[in-house]
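Chain naming here is simple, since letters A, B, ... match the order of the sequence lines and numbering starts at 1 in each.
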Amino acid sequence: MARITKQERRVSIILAALKLFSEKGFYITTIPDIAKKVGMSVGNFYNYFTSKDALAKELIMYISEYLGKSIREINDKDIPTEEKIYEIVSMYFNMADERPEMIEYFLRVYLSNREVFEDGCEGMLCVSAFVTEMMMFFDNGVERGELHNQDFFSAFGLFMGYLGGMVFLFGEKILPEPLEWYKESISQNIYNALKTR
Amino acid sequence: MHSKQDKKPSIIWFQGLTCNGNTHSFLNLENLKNLLDKFEILSHPSLPSTQNFNTVLSCTLECDIFIFEGAYDPLMKRNDTLVSKIVEYYAKSTKHIIALGSCASFGGLFKASAPDRNSGLLFNEQEKSGPLLKYESKVINISGCPIHPEWLAYTLHMIAKGREVEINKLHRPIELYSTLAHHGCTRNEYFEWKVDADDFGEKEGCLYYKQGCRAPMTHSSCNKILWNEVSSKTRVGTPCFGCTEPDFPRQNLFATKTNMSIPEDVPIGIAKRSYLTMAGIAKTFHIKRLEGKLIDYKTAD
Ligand code: SF4
Ligand code: SF4
């Protein structure tokens, strides 16, 4: 059997912790819970992360980088902004479907337990990869003359707040249809709200 | 009697379409007399000259350095002689051609007023398609609106000493135009931490995000070789207008062009994605010393 590298081990801890934090909540989940889930001793866990808070910060960076990378792939395509919006919405909803723990963590842990992230994860520090990629998206849309030139956060909030809201409703089992069903209309709404007037 | 080697290089300073800005700027050179002693001024718009203007127009003189100030207008006449004829004659017979100021270099302000007609001597903005293409190896562009007198003094001294003035693709001396106007600005720390001046003319804050500062995208040595030896635009709180670049003059000089609050242009040679990453992180921190008036900030000791 091939030996597991330290990096692979780190990722497996990240993935296990993501699941536990988003299912059980950040405070209830303990380090022994996480260690048990990946099948390692608590002592060994500390070889990878110095504390639960440090792990929490790593997780948000992991998600931000994952999102950033996915959006970058879309940004790099030479397609109209309207199609990019559809692709970002799709990517986000697929992620909520297939890896709900990532978005759950973002919404339920990162945004709801600010005290954990106050020191070392404030502002853009841990979400830079994701936010930067959204900046690239908006900048390009305006440059192409397809998006209305306005304040970044007004546009960002409209886009991500909307998606976050839908995923939240989905998670609460309030949506009558699967997320997939909403992709088209939501992309249209976002585009209509942001396009050049 | 002077031997042939002792002969001072001769200069004809000739004006096309110009506001005289470079002439005036040059008169502010700290050691003007010192420099002039090394040259023979055959003709200059405001300095004592050994030849009269009509002789210059007769195209019978020879000079070592032909300085052309202003934009090139193919239909313009000085007295009754076409400027195009004069330029052609001196360009052919001289050793060095200096296109002085952004108008002579790239077209500048006068090109903006008649884009199909006027141009620089060698360039039309960044496109090398001016009337002196044939003599391109002789042309040195000293762009600026106006030029700093030291930039011309440096170039003339080099020529007087028989040393080669190394130039870049836009034919500007690399010694003067490798740096950016941003290098040496007293506001650099504000740029690093992304603290911007809210109002025009403030002592604190960087002018990049809101006030239109083009210095990180502009090749010049304005904050290295100071103006009047004491200051620069950005030091006193005026944004750099990018006056040395081929695309000068741009529109809305006092506002930064942004796309959804993101600066359209980022510092030369830095990928926008990298710039935005750094800027976002720097903005996260709040540095008290940089957020208020410096004189009000109390240190602990
Ligand atoms: S004011 Fe302009 S030159 Fe000065 S630091 Fe800011 S961007 Fe650079
Ligand atoms: S600071 Fe900028 S606008 Fe001012 S003289 Fe220098 S290059 Fe030109």
Side-chain angles (χ1 to χ4, degrees), chain A residues 57 60-61 64-65 67-76 81 84-85 114 117-160 190-191 193-197, chain B residues 126 189-199 205-214 216-217 242 245 247 250-292:
Chain A
K57 287 170 197 161
I60 197 65
M61 286 207 259
S64 160
E65 268 154 34
L67 276 170
K69 203 171 141 271
S70 312
I71 300 170
R72 182 170 179 166
E73 279 163 20
I74 299 166
N75 278 344
D76 285 346
T81 306
K84 284 188 187 168
I85 292 178
R114 300 301 302 143
F117 300 93
E118 233 157 46
D119 187 15
C121 236
E122 60 269 43
M124 286 273 282
L125 290 190
C126 296
V127 288
S128 153
F130 161 60
V131 181
T132 299
E133 220 44 62
M134 286 307 285
M135 285 180 167
M136 295 296 288
F137 162 77
F138 285 126
D139 176 60
N140 183 263
V142 175
E143 211 171 287
R144 293 172 70 119
E146 293 168 354
L147 295 186
H148 173 63
N149 195 2
Q150 56 172 309
D151 178 75
F152 169 74
F153 283 105
S154 306
F156 180 78
L158 182 129
F159 200 138
M160 297 323 294
I190 294 177
Y191 179 64
L194 296 177
K195 72 180 180 194
T196 15
R197 288 152 207 178
Chain B
Q126 43 262 71
E189 196 184 19
Y190 292 94
F191 180 86
E192 278 162 33
W193 295 101
K194 304 292 148 212
V195 179
D196 240 64
D198 285 322
D199 284 309
C206 167
L207 312 166
Y208 174 70
Y209 269 88
K210 297 179 195 148
Q211 314 294 330
C213 190
R214 301 278 315 159
M217 287 77 71
E245 295 299 327
D247 64 357
R250 300 163 59 92
Q251 308 283 311
N252 289 329
L253 299 177
F254 287 93
T256 305
K257 170 98 179 63
T258 55
N259 298 333
M260 301 246 187
S261 326
I262 297 149
E264 185 173 72
D265 295 318
V266 298
I268 288 177
I270 298 175
K272 195 172 240 185
R273 189 172 272 115
S274 319
Y275 176 80
L276 293 177
T277 305
M278 278 296 294
I281 289 173
K283 266 191 200 159
T284 297
F285 303 103
H286 292 278
I287 316 268
K288 210 150 175 265
R289 177 169 54 81
L290 299 179
E291 281 172 355

- Query: Just how far is it from atom CE of A:Met135 to atom OG1 of B:Thr277, taken to the nearest 0.5 Å?
  - Reply: 9.0 Å

- Measure the OG1-NZ distance between A:Thr132 and B:Lys272 for me, rounded to the nearest 0.5 Å. 12.5 Å

- Message: If I take atom CG from residue A:Asn149 and atom OG from residue B:Ser261, how far apart are they, to the nearest 0.5 angstrom?
- Response: 8.0 Å

- Return the minimal non-hydrogen interatomic distance between A:Met124 and B:Ile281, and the atom names on each side. CB-N, 4.3 Å

- Task: Evaluate whether atom NZ of B:Lys257 has more than 12 neighbouring non-hydrogen atoms of other residues, nucleotides or ligands under 6.0 angstrom away.
- Result: yes

- Message: Nearest 0.5 Å, please: how far is CD1 in B:Ile262 from CE in A:Met136?
- Response: 9.0 Å

- Interatomic distance, B:Met260 atom CE to A:Leu194 atom CG [nearest 0.5 angstrom]: 5.5 Å

- Item | Within 6.0 angstrom of A:Asp119 CG, more than 12 heavy atoms from elsewhere | no

- Task: Hey, could you give me the CG/CZ distance between B:Asn259 and A:Arg144, rounded to the nearest 0.5 Å?
- Result: 13.0 Å

- Near B:Met278 CE, under 6.0 Å, is it more than 12 heavy atoms from other residues, nucleotides or ligands? no

